[in-house]
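Here the structure is a predicted model, which means the values were calculated and not measured. Worth knowing before you read on, the calculation uses all heavy atoms, side chains too, and leaves out hydrogens, waters and symmetry mates. Throughout, numbering of the chain's residues begins at 1 and tracks the sequence.
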Amino acid sequence: MSISYSGILLDETSRSNLIGMLGDVIPQDWEVVAHHMTITMGPLVHPKGKHDFSNVYELGSKVRIPVLQVGMDERAMAVIVQPPGDISRKIKFPHVTVAVNRSGGGKPFHSNKIPLENFKDIGHLNIVLSGEVFEQPNK
């Protein structure tokens, strides 16, 4: 079985809290995502040894990720989070995609393209998301 990506799957309470916190700023016609934070594309342990994230992110373990900032552009909204360890260098910044503007061509990967200057600090709200480390099989 091949793995599409590895990440931290938000638990239902965290997902609900995140949506509730940002519900008044998510445009009504956008699709809510609020699903996971990506650690790396593919498995936690690269089959050819290029990376091994399993020492920090043990499959099935519970992880807490504080929310630091929120930002959006015309295609996506995301929150920047503070993971417990390194993530893939190919990911611009650690984040959870909150919502996407499908009618405007937005897809979850567009949250990687939100300009950093669009993010505003919300760390003072002390929001901490929790979830479980998982590997998403290819469909």
Side-chain angles (χ1 to χ4, degrees):
M1 168 180 62
S2 64
I3 302 298
S4 175
Y5 64 91
S6 301
I8 299 169
L9 179 66
L10 298 184
D11 61 33
E12 274 307 311
T13 301
S14 290
R15 184 175 191 274
S16 295
N17 289 344
L18 184 60
I19 294 166
M21 176 189 76
L22 298 173
D24 57 343
V25 292
I26 300 171
Q28 280 195 314
D29 58 337
W30 284 30
E31 177 186 326
V32 173
V33 181
H35 184 259
H36 71 276
M37 182 205 85
T38 303
I39 297 167
T40 188
M41 299 310 293
L44 290 167
V45 180
H46 192 278
K48 295 182 180 171
K50 292 183 180 179
H51 65 250
D52 181 354
F53 293 103
S54 66
N55 55 342
V56 174
Y57 302 99
E58 184 180 337
L59 196 59
S61 65
K62 304 285 188 218
V63 178
R64 294 171 52 84
I65 46 177
V67 175
L68 304 177
Q69 298 180 318
V70 61
M72 65 186 294
D73 62 13
E74 67 281 352
R75 296 183 295 191
M77 173 188 280
V79 290
I80 293 179
V81 295
Q82 183 178 355
D86 289 341
I87 63 171
S88 172
R89 290 189 305 266
K90 294 180 181 179
I91 299 170
K92 189 173 172 187
F93 48 84
H95 67 278
V96 174
T97 301
V98 176
V100 293
N101 179 6
R102 294 277 187 194
S103 63
K107 296 184 176 162
F109 78 87
H110 284 123
S111 55
N112 286 301
K113 301 184 181 305
I114 299 171
L116 288 176
E117 61 267 16
N118 288 16
F119 284 89
K120 305 293 179 239
D121 186 9
I122 58 169
H124 64 282
L125 298 177
N126 295 319
I127 300 154
V128 179
L129 305 175
S130 56
E132 185 174 311
V133 176
F134 77 115
E135 293 180 325
Q136 178 66 46
N138 280 311
K139 295 179 180 177

Q: Is it possible for you to say whether V25 and V32 belong to one hydrophobic cluster, with membership spreading through side-chain heavy-atom contacts below 4.5 Å?
A: yes
Q.
Ignoring hydrogens, what is the shortest heavy-atom contact between Y57 and I8? Give both atom names and the distance.
A. CE2-CD1, 4.0 Å
Q. Between the side chains of N17 and S14, is a donor N or O closer than 3.5 angstrom to an acceptor N or O?
A. no
Pairs of donor and acceptor atoms involving the side chains of residues 76-95, under 3.5 Å and at least two apart or interchain, shall be tabulated with distances.
| unit_1 | atom_1 | unit_2 | atom_2 | d |
| --- | --- | --- | --- | --- |
| S88 | OG | K90 | N | 3.1 |
| H95 | ND1 | F93 | O | 2.7 |
| H95 | NE2 | S111 | OG | 3.0 |

Q.
For L44, is there any backbone N or O sitting under 3.5 Å from a side-chain donor or acceptor partner on E135?
A. yes
Q. If you round to the nearest 0.5 Å, how far is NE2 of H36 from CD1 of I65?
A. 10.0 Å
Q. Which heavy atom in R15 sits nearest to a heavy atom in V33, and how many Å separate them?
A. NH2-O, 3.1 Å
Q: Taking salt bridge (Lys or Arg N to Asp or Glu O under 4.0 Å) as the test, write out the residues that go with E74, two or more places apart.
A: none
Q. Is there a chain of hydrophobic side chains (I, L, V, M, F, W, Y, each step under 4.5 Å between heavy atoms) that links W30 to M21?
A. yes
Q: Report the distance from atom OG1 of T38 to atom CD of Q136, rounding to the nearest 0.5 Å.
A: 10.0 Å
(Q) Are F53 and L59 linked, directly or through intermediate hydrophobic residues, by side-chain heavy-atom contacts shorter than 4.5 Å (ILVMFWY only)? (A) yes
Q: Among Ile, Leu, Val, Met, Phe, Trp and Tyr joined by side-chain contacts under 4.5 Å, find the other residues sharing a cluster with Y5 and list them by chain and number.
A: L9, M41, F134
(Q) To the closest 0.5 Å, what do you measure between OG (S6) and NE2 (H46)? (A) 11.0 Å
Q) If you round to the nearest 0.5 Å, how far is CD of E132 from CG of D11? A) 9.5 Å
Q: Decide yes or no for V128 and V67: does some side-chain heavy atom of the first lie under 4.5 Å from some side-chain heavy atom of the second?
A: no
Q | Closest contact, heavy atoms only, A34 versus L10 | A | O-CD1, 3.8 Å
Q) Mind checking whether M37 and L125 sit in one hydrophobic cluster, side chains of I, L, V, M, F, W, Y counted as touching below 4.5 Å? A) yes
Q: Please list, chain by chain and in numerical order, all residues satisfying salt bridge (Lys or Arg N to Asp or Glu O under 4.0 Å) with R64, sequence neighbours excluded.
A: none
Q: With rounding to the nearest 0.5 Å, note down the distance linking CG in L129 to CG in L18.
A: 5.5 Å
Q.
Taking the side chain as everything from C-beta on, heavy atoms only, tell me whether T40 gets closer than 4.5 Å to H51.
A. yes
Q) Of the non-hydrogen atoms in A99 and I26, which two are nearest, and what is the gap between them? A) CB-CG2, 3.8 Å
Counting only pairs under 3.5 Å, give me each side-chain donor-acceptor contact of residues 113-121, with atom names and distances, residues two or more places apart or in other chains.
| unit_1 | atom_1 | unit_2 | atom_2 | d |
| --- | --- | --- | --- | --- |
| N118 | ND2 | M72 | O | 2.9 |
| D121 | OD1 | G123 | N | 2.8 |

Q.
As an exercise, state the distance from CD of E31 to OG of S103, rounded to the nearest 0.5 Å.
A. 10.5 Å
Q | V45 with I3, same ILVMFWY side-chain cluster at under 4.5 Å | A | no
Q. Who passes salt bridge (Lys or Arg N to Asp or Glu O under 4.0 Å) against E58, sequence neighbours left out?
A. none
